[in-house]
Number of protein chains: 2
Amino acid sequence: MIPFRAPVDDILFSLEHVARADRLPDWDAALVREVIGQFGRFAETAIAPLDAVGDAQGCRLDQGRVRLPDGFAETYRAYTEQGWPGLALPEAHGGQGMSEPVLAAVSEIFSGACHALQMVAALVPGAARTLLGFGTPQQQALWLPRLASGTWLATMALTEPGAGSDLGAIRTRAVPDGDGWRISGEKIFISGGDQDLSEGILHLVLARTGVPGEGTRGLSLFLVPSQDESGQRAPVTVARLEEKMGLHASPTCQLVFEGAPAELVGAPGEGLRAMFTMMNHARLDVALQGVAHAARAGAIATAYAAERRQGRDAQSGAPLAIAAHEDVRRMLETAEALALGGRALCHLAAVALARGDAPDLVGFLTPVCKVFCTEAGVTAADLGIQVLGGYGYLSEYRVEQTLRDARVTMIYEGTNGIHALALVTRQLRGGGPEAFEAFVAASGGGEDLAEGLALWRAARARVLASSCPAALAHPFMQLTAGLAYLAAWQRIIAVADRSSDPTRLERAAARVRGSVPVALRGWAALVT
Amino acid sequence: MIPFRAPVDDILFSLEHVARADRLPDWDAALVREVIGQFGRFAETAIAPLDAVGDAQGCRLDQGRVRLPDGFAETYRAYTEQGWPGLALPEAHGGQGMSEPVLAAVSEIFSGACHALQMVAALVPGAARTLLGFGTPQQQALWLPRLASGTWLATMALTEPGAGSDLGAIRTRAVPDGDGWRISGEKIFISGGDQDLSEGILHLVLARTGVPGEGTRGLSLFLVPSQDESGQRAPVTVARLEEKMGLHASPTCQLVFEGAPAELVGAPGEGLRAMFTMMNHARLDVALQGVAHAARAGAIATAYAAERRQGRDAQSGAPLAIAAHEDVRRMLETAEALALGGRALCHLAAVALARGDAPDLVGFLTPVCKVFCTEAGVTAADLGIQVLGGYGYLSEYRVEQTLRDARVTMIYEGTNGIHALALVTRQLRGGGPEAFEAFVAASGGGEDLAEGLALWRAARARVLASSCPAALAHPFMQLTAGLAYLAAWQRIIAVADRSSDPTRLERAAARVRGSVPVALRGWAALVT
């Protein structure tokens with residue numbers, strides 16, 4: 001087993017030099033380096049060792065309550081004692097007020113060390129943002145300090161058996177009850193729906209306050225605490241704990257709400273709008289889970305390929321490390337390029353999000369990051385398995401776990417197909433496309449990028465003129481994502497000399513230049 | 001859970017009409033249909049129910065012996081009682097003398113129902129072929145009836161910790177001992193290395209009789225029975241039972257031979273040659289495992305997508321089955337095309353192999369089938385997961401198991417990278433390329449195929465002229481495999497009217513025509 005190493009240097013290079021996070025007004029470079037380095041050490045020593053045991057043991061249901069695998073509760077306690085839950089929450093509410101890009105760095109490292117535990121903790125920033133955007137001062141004063149201290153964790157309870165990609169079909173109902181509301185219904189696929197880490201769980205529940213025919217307009221967002229102020233448990237039960245391809249240590253629950261006391265967040269009927277405020281953040285977080293898996297799979301494969309010998313050098317007869325074989329190099333450099341380029345793309349979006357002055361670009365780029373990076377995570381994991389050959393298929397080297405854990409990222413937070421559909425319908429209207437064009441054009445010169453942009457413009461025109469844009473969604477998303485990736489690499493190469501290992505970047509960049517332009521032509525040809 | 005249905009009609013259509021197995025001299029169409037139909041029913045009722053329990057329970061080591069999951073021994077007994085182990089073995093040795101294409105059909109159905117159990121049983125035909133090709137009459141008379149009756153199963157013990165793709169590094173030694181030999185050494189990744197299904201296990205072991213420096217020339221092939229005629233166990237022990245990504249019910253063993261009694265098969269130093277006689281068969285078998293997973297994943301996704309409703313029709317407002325959504329159609333039709341086209345390709349190779357008059361084509365096409373179909377299995381499984389969305393990630397629907405089980409096929413029986421390397425080195429010399437060109441040209445007209453063939457010829461010339469063909473191995477294999485797939489589809493479409501559902505074939509063919517020619521241009525562009 002190859003131990004997890006937090007890619008702190010790669011992340012700092014990407015944040016500072018590629019995404020220019022140092023231009024953010026409140027950026028304290030020394031503090032950021034200290035924080036990310038500290039989390040990296042914590043992740044390597046305390047979080048990463050949970051990943052294998054978590055995969056092997058999984059969660060279990062014990063008398064209606066979810067138990068996480070051995071060691072999870074202890075590490076979560078250390079995580080809260082060090083103040084990580086409140087990293088990006090306002091100082092006024094007990095947090096540390098760090099910016100989105102720092103959270104992105106920490107979140108990626110967390111996912112690389114143990115995606116399953118990260119999942120359970122990762123909904124806190126989203127819940128906090130929702131409260132900050134839509135909660136009353138009282139709600140903020142009560143809940144934000146609890147989230148910042150880690151005594152409470154949060155969930156996002158949207159999906160129902162008949163309502164996945166189509167939230168308009170939600171049937172969970174909220175009815176007024178005195179000063180508050182009561183919620184009844186069934187929610188599925190609730191990550192961290194129950195666990196034994198935190199004292200309480202704050203469920204953010206999307207429920208119907210209007211009539212069913214209204215679709216998404218009748219939906220409102222509610223806070224449903226797992227217990228009241230006296231510690232009395234609410235009528236929210238775990239009906240089922242799902243068995244999954246991966247993320248065995250992340251409890252995916254079916255929850256039944258039977259008249260659970262609830263508080264409205266925001267106005268009635270504003271549920272989707274409240275939810276969407278956290279969407280760009282949540283999608284970047286998922287994109288970074290993909291990056292984390294790509295980086296981890298690449299690191300395992302690179303370490304293995306440097307040690308493992310097979311065959312001999314044609315000239316000298318000396319044993320060859322498999323890293324010297326052409327096809328292995330192709331796989332290693334491709335995986336590395338996916339991790340580095342995907343990360344750069346996410347950081348560019350995260351910095352734009354934190355800057356707050358480019359909403360069109362952020363809105364356009366975020367789902368592209370989500371699709372590109374989640375597919376990059378799965379592809380790199382697959383390449384990593386192949387580099388290790390028979391050993392890649394064994395649990396022992398844990399590269400197969402990266403594929404099993406990464407695979408869900410292409411599905412949750414909006415399936416990649418749904419994002420592609422939104423791209424060819426909603427996203428191509430409005431200011432997004434121009435902002436994206438400007439982003440690509442500003443990424444530097446190069447014939448490949450110019451050709452890619454021309455192909456993209458022509459393809460966009462064909463999508464806009466098409467009577468069935470949905471049929472073009474997949475190739476157009478792939479074209480868009482590939483172009484964004486090429487642009488990110490152009491930006492990386494422009495600052496490669498500030499990296500600690502420019503040669504490594506140049507090798508990965510050569511792999512990108514050797515394959516991505518051809519792929520773009522192919523995707524463009526499919527948008528007809 | 002969607003029950004396994006053996007794709008008997010698709011297989012018969014492919015064998016009879018696409019691959020023209022009916023032209024084989026000993027082809028008894030009525031008998032073949034009866035045999036395949038009968039195995040299909042057995043697979044659906046007795047084998048397929050083992051697949052989920054096998055995945056969940058896995059194998060275990062109990063006092064040095066491997067135990068398979070519940071129900072495996074009973075089903076194996078029924079399998080032997082019905083005579084399936086001897087299906088393709090000569091009648092003179094207790095078999096039923098059916099031809100390779102019938103075995104291919106049965107083997108695919110077996111893999112689709114339970115790849116893990118198929119793995120354990122699947123080495124019998126290969127071992128029998130080796131005995132028929134290289135064994136003495138006494139060896140044949142002793143072992144073939146035991147293999148045909150299923151009282152003995154076989155393994156293939158090649159790989160060692162330091163010798164995977166590079167068999168020249170094998171260190172297991174055989175030393176003469178009286179009339180026979182004794183084998184000492186360590187073998188890894190031995191499928192069915194131990195089990196509790198059969199009375200005995202006949203290990204086919206590659207061991208060194210010459211000096212280490214001789215590479216593969218010093219290797220010989222041996223029979224090592226797990227027990228002698230008195231039932232006394234040989235000194236062959238299971239040092240380890242691997243935990244894997246999938247195929248949990250297929251025991252992958254590390255075996256230690258400590259002076260185990262052995263018989264030589266063939267001449268000393270002929271070990272690799274003896275092994276390679278079974279390679280084309282074994283590779284087609286692995287290719288068909290890929291086809292089986294592609295077909296199974298496609299069937300699960302198709303059944304799910306027809307039932308699952310999400311969203312509404314824009315005109316009528318009626319709930320839409322997700323199969324009606326463009327992106328879901330893309331995924332379903334792509335998975336279906338991969339299964340149908342991959343199967344046709346395997347059947348074309350299997351019929352040529354059985355006919356015995358086109359060794360160049362068989363030698364060239366077989367590794368292409370292996371690479372194409374194993375990647376098709378993984379791709380289709382991945383698409384199947386995506387069609388099911390969150391449900392695809394759950395163990396419950398078992399499409400995620402198809403991916404986990406299929407993934408190893410890209411690794412074993414020669415990694416796909418090794419086959420690509422062999423293609424640009426050994427395979428491009430000799431009569432293979434001309435035989436392949438003739439095969440493609442004979443697949444029917446069509447601009448796409450003509451363009452693909454021209455691209456392939458030009459790429460081949462570039463490979464032959466390259467100073468580093470290994471760097472072109474991956475794209476050239478993908479180009480070759482894609483062209484073979486297009487040719488197979490051309491042959492399917494030419495006889496589509498003999499299928500029970502020509503419309504279904506036409507839809508899949510349209511998906512192939514819409515994407516494969518573009519992909520071929522891309523791969524050709526990468527061979528530079």
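By convention in this document, chain letters (A, B, ...) are assigned in the order of the sequence lines, proteins followed by strands, and residues within each chain are numbered from 1. The figures here come from the full heavy-atom set of this structure, side chains too, leaving out hydrogens, waters and symmetry mates.
- Ranking A/Gly246, A/Gly514, A/Ala420 against chain B, the residue ahead of the rest is A/Gly246, based on heavy-atom pairs under 4.5 Å.
- The greatest number of non-hydrogen atom pairs below 4.5 Å with chain B, out of A/Leu472, A/Leu394, A/Leu403, A/Val518, is found for A/Leu394.
- Of the residues considered (A/Ile322, A/Asp382, A/Asn416), A/Asp382 shows the highest number of contacts with chain B, using heavy-atom pairs under 4.5 Å.
- Put simply, the side chain of A/Tyr393 does not reach to within 4.5 Å of the side chain of B/Thr252, judged on heavy atoms.
- Contact check for A/Asp327 versus B/Thr415: no side-chain heavy atoms found under the 4.5 Å cut-off.
- In terms of heavy-atom pairs under 4.5 angstrom with chain A, the leader among B/Arg521, B/Met331, B/Glu396 is B/Glu396.
- When each of B/Gly392, B/Gly389, B/Pro319 is scored by its heavy-atom pairs under 4.5 Å with chain A, the top score falls to B/Gly389.
- Among A/Pro161, A/Cys468, A/Ala525, the residue making the largest number of heavy-atom pairs under 4.5 Å with chain B is A/Pro161.
- Contact count against chain B (heavy-atom pairs under 4.5 Å) is highest for A/Gly390 among A/Gly390, A/Ala56, A/Gly162.
- We find the CZ-CG distance between A/Arg330 and B/Leu526 to be 10.5 Å, quoted to the nearest 0.5 Å.
- Here the closest non-hydrogen pair linking B/Tyr391 and A/Phe189 is N-CZ, 3.7 Å.
- Most heavy-atom pairs under 4.5 Å with chain A: of the set B/Ala470, B/Ala473, B/Ala519, this distinction falls to B/Ala470.
- Scanning residues 404-412 of chain A against chain B with a 4.5 Å heavy-atom cutoff picks out A/Arg404, A/Asp405, A/Arg407, A/Val408, A/Met410, A/Ile411, ordered by number.
- For B/Ala169, no part lies near chain A; criterion is any non-hydrogen pair under 4.5 Å.
- With chain B as partner, the option from A/Gln401, A/Arg309, A/Arg240 having the largest number of non-hydrogen pairs under 4.5 angstrom is A/Arg240.
- Proximity to chain B involves both the backbone and the side chain of A/Leu247, based on heavy atoms less than 4.5 angstrom apart.
- The closest side-chain heavy-atom distance from A/Leu421 to B/His325 is not below 4.5 Å.
- Chosen from B/Arg329, B/His474, B/Arg312, B/Glu243, the residue pairing most often with chain A at heavy-atom distances under 4.5 Å is B/His474.
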